[in-house]
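Residues: numbered from 1 along the sequence shown. Every value quoted in this text rests on a predicted model; they were computed, and no experiment measured them.
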Amino acid sequence: RNNLKHKAIRTRFYLIINQAEFHLIIFNININKKEQGMPSQKVKVAIVGLGFGADFIPIYQSHPHAELYAICQRSEEQLEAAGKKYGVDRLFTDYKDLCKIKELDAIHIVTPADTHAPIVLDCLKAEKHVACTVPMAIDVKDCKEIVETRRKVGTVYMMMETAAYTREFLYVKKLKD
């Protein structure tokens, strides 16, 4: 069912808001050293969609277990502006190019709802772990296909309600800090 690559990777997605410290953890993929034969490493994440998705850039950049590997946006102007603002060098205008990058572990999709299913399915088929904003898809058929594909490839899919990461929440966090 799962190939050896995914049996070796112990994957856990989780969302934690530590009320006392306000540490934001999006997800953590633990790699089992013994089975994988390599030292533990940071999870390499790409973000697709930089409207609201840009709010996640500093979160991944400051997370101790994540590396913001790349960002992706159809608009070259918005992409280059975000890359410059956040110091990101790997810039892509087509998410399908991210799917081809072997060392990329996970893709966080923050695009319009009608694009979720096709992007999620392509990323899962490329054996990437996927986090995607709600909704999962706009019809039941696509939802079922996402579930079936995820089971077949053995990666993790997480549908995320990301209201905790709105600009307002981050502003309050900044005031507290």
Side-chain angles (χ1 to χ4, degrees), residues 3 5-6 8-16 24-31 36 38-137 142 146 149-150 153-162 164-167 170:
N3 65 30
K5 173 184 169 189
H6 294 297
I9 298 176
R10 302 288 187 233
T11 309
R12 292 181 295 153
F13 277 84
Y14 57 90
L15 174 65
I16 296 173
L24 306 177
I25 300 173
I26 303 305
F27 56 74
N28 180 12
I29 299 171
N30 291 325
I31 299 180
Q36 195 69 4
M38 62 174 56
S40 57
Q41 57 191 13
K42 290 186 175 188
V43 178
K44 294 178 179 162
V45 182
I47 299 172
V48 176
L50 298 178
F52 172 59
D55 290 346
F56 289 92
I57 293 172
I59 294 169
Y60 285 117
Q61 288 176 323
S62 64
H63 193 285
H65 302 296
E67 173 190 336
L68 180 66
Y69 186 87
I71 55 177
C72 179
Q73 172 67 35
R74 289 182 294 188
S75 164
E76 285 189 40
E77 186 177 318
Q78 289 177 321
L79 178 64
E80 289 174 13
K84 183 177 181 180
K85 179 179 179 179
Y86 294 104
V88 180
D89 297 325
R90 294 184 192 99
L91 310 176
F92 294 83
T93 56
D94 188 342
Y95 76 90
K96 290 180 181 179
D97 293 330
L98 294 170
C99 292
K100 298 173 189 173
I101 301 172
K102 185 176 179 147
E103 66 267 18
L104 182 61
D105 298 306
I107 299 177
H108 185 166
I109 301 165
V110 195
T111 60
D114 63 331
T115 66
H116 289 178
I119 297 173
V120 167
L121 287 165
D122 286 343
C123 294
L124 289 173
K125 289 173 184 173
E127 299 185 349
K128 303 299 179 195
H129 302 287
V130 178
C132 184
T133 55
V134 295
M136 177 185 254
D142 286 340
I146 289 170
T149 302
R150 203 255 6 122
V153 299
T155 58
V156 170
Y157 168 79
M158 178 180 177
M159 181 173 56
M160 298 175 64
E161 173 53 64
T162 54
Y165 301 103
T166 61
R167 288 174 183 87
L170 295 173

Participant: Does any pair with a residue in residues 66-81 pass side-chain hydrogen bond (donor to acceptor under 3.5 Å, both in side chains), and if so which ones, sequence neighbours excluded?
Facilitator: Y69-E103, Q73-Q78
Participant: Tell me, do I47 and I57 make a side-chain contact under 4.5 Å, heavy atoms counted?
Facilitator: yes
Participant: What is the minimum heavy-atom distance between A46 and L104, and which atoms define it?
Facilitator: N-CD1, 3.7 Å
Participant: Not counting sequence neighbours, which residues clear side-chain contact (heavy atoms from CB on, under 4.5 Å) with P118? List them please.
Facilitator: none
Participant: Which pair of heavy atoms, one from I71 and one from L50, lies closest together, and at what distance?
Facilitator: CD1-CD1, 3.8 Å
Participant: Are the side chain of K128 and the backbone of K100 linked by a donor-acceptor contact shorter than 3.5 Å?
Facilitator: no
Participant: When you measure from the side chain of D105 to the backbone N and O of V43, does any donor-acceptor pair fall under 3.5 Å?
Facilitator: no
Participant: Test your reading of the model: is there a side-chain donor-acceptor pair from R150 to the backbone of T155, 3.5 Å cut-off?
Facilitator: yes
Participant: According to the side-chain hydrogen bond (donor to acceptor under 3.5 Å, both in side chains) rule, which pairs have a member within residues 89-99, sequence neighbours left out?
Facilitator: Y95-D122
Participant: Could you point out which residue of I119, V130, V156 forms a side-chain contact (heavy atoms from CB on, under 4.5 Å) with L124?
Facilitator: V130
Participant: Side chains of M160 and V134: closer than 4.5 Å at any heavy-atom pair?
Facilitator: no
Participant: Just to verify, what does T111 make a side chain to side chain donor-acceptor pair (under 3.5 Å) with, not counting sequence neighbours?
Facilitator: T115
Participant: Can you tell me how far apart CG (L68) and CD1 (I59) are? Round to the nearest 0.5 Å.
Facilitator: 11.0 Å
Participant: Could you tell me which non-hydrogen atom of L98 sits nearest to which non-hydrogen atom of C72, and how far apart they are?
Facilitator: CD1-CB, 3.8 Å
Participant: What class does the angle between the rings of F52 and F56 fall in, given that below 30° is parallel, 30 to 60° is tilted and above 60° is perpendicular?
Facilitator: perpendicular
Participant: If I compare all heavy atoms of Y60 with all of H108, which pair ends up nearest, and what's the gap?
Facilitator: OH-ND1, 2.7 Å
Participant: Please report the shortest heavy-atom distance between H116 and T133, naming the atom on each side.
Facilitator: CE1-O, 3.1 Å
Participant: Using every non-hydrogen atom in the two residues, find where C123 and I107 come nearest and quote the distance to one decimal.
Facilitator: SG-CD1, 3.6 Å
Participant: Just how far is it from atom NZ of K125 to atom SG of C99, taken to the nearest 0.5 Å?
Facilitator: 11.0 Å
Participant: Looking only at the side chains, is there a donor atom on one of Y157 and H129 sitting less than 3.5 Å from an acceptor on the other?
Facilitator: no
